[in-house]
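All remarks here apply to the structure that follows.
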Amino acid sequence: MTAFALVDGNSFYCSCERVFDPRLEKRPVIVLSNNDGCAVARTNEAKALGIRMGHPYFQIKDLCRREGVVALSSNYALYGDMSRRLNQIYDRFSPDVEIYSIDESFIDVSRLPVKDRTTWAKDLRSTVKQWSGIPTCVGIGPTKTLAKLANKVAKKLADGVLDLSGSTERERVMADFPIGDVWGIGPANQAKLAAMGIQFAGQVRDLEPRQARQLMTVVGERLVHELNGRSCLPLETVPPVRQGCAVTRSFGQRVTRKPEMEQAVAGYATRLGEKLRRHGLATDQVTVFMHTSRFDDDEPQRSVSMTVDLPEATNDTLTLIKASRRAVDQLWKSGYRYAKAGIVTQDLVPPSGSQQALFDGLDHERAARVMQALDEANKRWGRATVFPAAMGIKREAFSTKFEMRTPRYTTRWDELPECR
DNA sequence: TCTGGGGTCCTAGGACCC
DNA sequence: TCTGGGGTCCTAGGACCC
């Protein structure tokens, strides 16, 4: 019999901030998306004030001021590092851990030598809290979907743990668990099911698998099995090779001039190269897109994209910049206020450079050494210490806003927290 | 003034082939 | 006027996730 635990950090980004600034304790705190656009993490105190997930910040600015909500820009360097620490702790509790997202991990608990999984989970929670400062919740069930469901319910329990291994308890909980909160049911499927009078997880569980498939494709059929305790989604301890890679950003201010667009996209190409090299992958085509904002509805709209094929798979930043610049050249048209642009790639492959170098001389080798030096310098002294001139030097006009970012406490020597 | 970014999986339908 | 039957591959778009 399979058994999974799902552990996640409560209001994860906010909790990370609280670890390093105890003044945030008990206060409503939200963390904002890129560009300080909308709320992507809220403490319970902030939720109680009616701040929704994805709530645009400009709409709640007044509320925040009035109610003393602390709004922070996102600090991904900090959250990523805290996430790594949490997983190191999980590893001590089980050899089988799947990192599912920055704040969630699945743990195989079917073969743990414990008689009571609830006690085990409570021990995990308190260890994590003590060692990292992050509060967590744990849900346990015979399938991943049920572990997720248990976790959601555990959020409202005093001890933050719920084990749904037993079928009686499971049925009781599923009877009034809203379908919209079930993992895998989004707004579209929720509406479809609601139209059939289905509102609770227990009703989805009792659908015929064939009917669920008709309604929600094979995903829905799997869901029914999972809710019945028949595991369809195995633990994936080794992350699969990634299929695509993208760097896209909204601009801090609308872009109306071509040189700015060129610099912005050159910056994305640079970042793309870094990501590809970090994963040991390469690409043989890049798609560049740019568009205006749908919220500027009294202005002319434009949304275009173009794919450029590369002669061979590469992760060389300068090659990526050249290719994306060609695309910008083709796509650019003045008279619009562009809000966002990006580079997207698919069909990632291992770099072909090492073989090619044998045939067409030293260029590949040289380029690879330049990239290696670039990556090492930026790793040691911080991102964009060394960067291609095409990115431009005065980037303030369009670069992403982080006006309320806290220090990168754990990953930068010059931003270490100090005791006074 | 101000509305995120980056992934995955699935299906339908067209192009193409024999 | 008649105008098959099946495959495969690729892509766009939808849905979902955090």
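Quick note on labels: first sequence line is chain A, next is B, and so on, each numbered from 1. Every value quoted in this text rests on a predicted model; they were computed, and no experiment measured them.
A:E226 has its CD atom 15 Å from the C1' atom of C:dC17, to the nearest Å. Atom CD of A:E236 and atom P of C:dC17 are 17 Å apart (whole Å). With rounding to whole Å, A:E104 atom CD is found 6 Å from C:dC18 atom P. One can place CZ of A:F289 at 15 Å from P of C:dA12, the figure rounded to the nearest angstrom. Counting to the nearest Å, the P atom of C:dC10 and the CG atom of A:D309 are 14 Å from each other. Regarding A:Q214, its CD atom lies at a distance of 16 Å from the C1' atom of B:dC10, rounded to whole Å. Distance, A:R213 CZ to C:dA15 P: 18 Å, rounded to whole Å. A straight line from CH2 of A:W183 to P of B:dC9 spans 12 Å, rounded to a whole angstrom.
Across all strands shown, A:L32 has no heavy atoms under 4.0 Å from either base or sugar-phosphate atoms. Residue contacts for A:V344: at a heavy-atom cut-off of 4.0 Å it reaches no nucleic acid atom on any strand shown. Note on A:R222: only backbone sugar-phosphate atoms sit closer than 4.0 angstrom, heavy atoms only; bases stay farther off. Using a 4.0 Å heavy-atom distance criterion, A:P240 is classed as making no nucleic acid contact.
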Shorter than 3.5 Å, N or O on both sides, protein versus nucleotides 3-7 of chain B: list them out with atom names.
residue	atom	partner	partner atom	Å
B:dG4	O4'	A:S33	OG	2.8
B:dG5	OP1	A:S250	N	2.4
B:dG5	OP2	A:S250	N	3.4
B:dG5	OP2	A:S250	OG	3.0
B:dG5	OP2	A:K340	NZ	3.1
B:dG5	O3'	A:R249	NH1	3.1
B:dG6	OP1	A:R249	NH1	2.6
B:dG6	OP2	A:T248	N	2.4
B:dG6	OP2	A:T248	O	2.8
B:dG6	OP2	A:T248	OG1	2.5
B:dG7	OP1	A:R242	NH1	2.5
B:dG7	OP1	A:K275	NZ	3.1
B:dG7	OP2	A:A246	N	2.7
B:dG7	O5'	A:R242	NH1	2.8

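Taking the six-membered ring where tryptophan is involved, the planes of A:Y338 and A:Y336 are tilted, since the angle between them lies from 30° to 60°.
For A:R337, counting side-chain heavy atoms from C-beta on, the closest listed nucleotide (B:dC10, C:dC18, B:dC2) is B:dC2.
To the nearest 0.5 angstrom, A:K47 atom NZ is 15.0 Å from A:H55 atom NE2.
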Salt bridge (charged side-chain N to carboxylate O under 4.0 Å, His left out) assessment of A:D81 paired with A:R85: CA-CA 6 Å; A:D81 189 58; A:R85 291 169 192 229; 3.0 Å; yes

Criterion side chain to side chain donor-acceptor pair (under 3.5 Å) on A:S94 and A:D96, from CA distance to verdict: CA-CA 5 Å; A:S94 167; A:D96 304 306; 4.5 Å; no

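Between A:F106 and A:W183, the distance separating the two ring centers is shorter than 6.0 angstrom.
A salt bridge is absent between A:K61 and A:E403: the closest approach of a Lys/Arg side-chain nitrogen to an acidic carboxylate oxygen does not fall below 4.0 angstrom.
Residues that satisfy the side chain to side chain contact (heavy atoms under 4.5 Å, CB included) test with A:N189, not counting sequence neighbours, are A:I185, A:K192, A:M216.
On the C1' atoms, B:dC16 is 16 Å away from C:dG4, given to the nearest whole Å.
Within a 6.0 Å sphere centred on CD of A:Q214, heavy atoms belonging to other residues, nucleotides or ligands number 12 at most.
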Pairing pattern in dot-bracket form [Watson-Crick, G-U; both distances under 3.5 Å; | = partner strand] for DNA chain C: ....||||||||||||||

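For the pair A:V265/A:M261, a side-chain contact is recorded, criterion being any heavy-atom separation below 4.5 Å from C-beta on.
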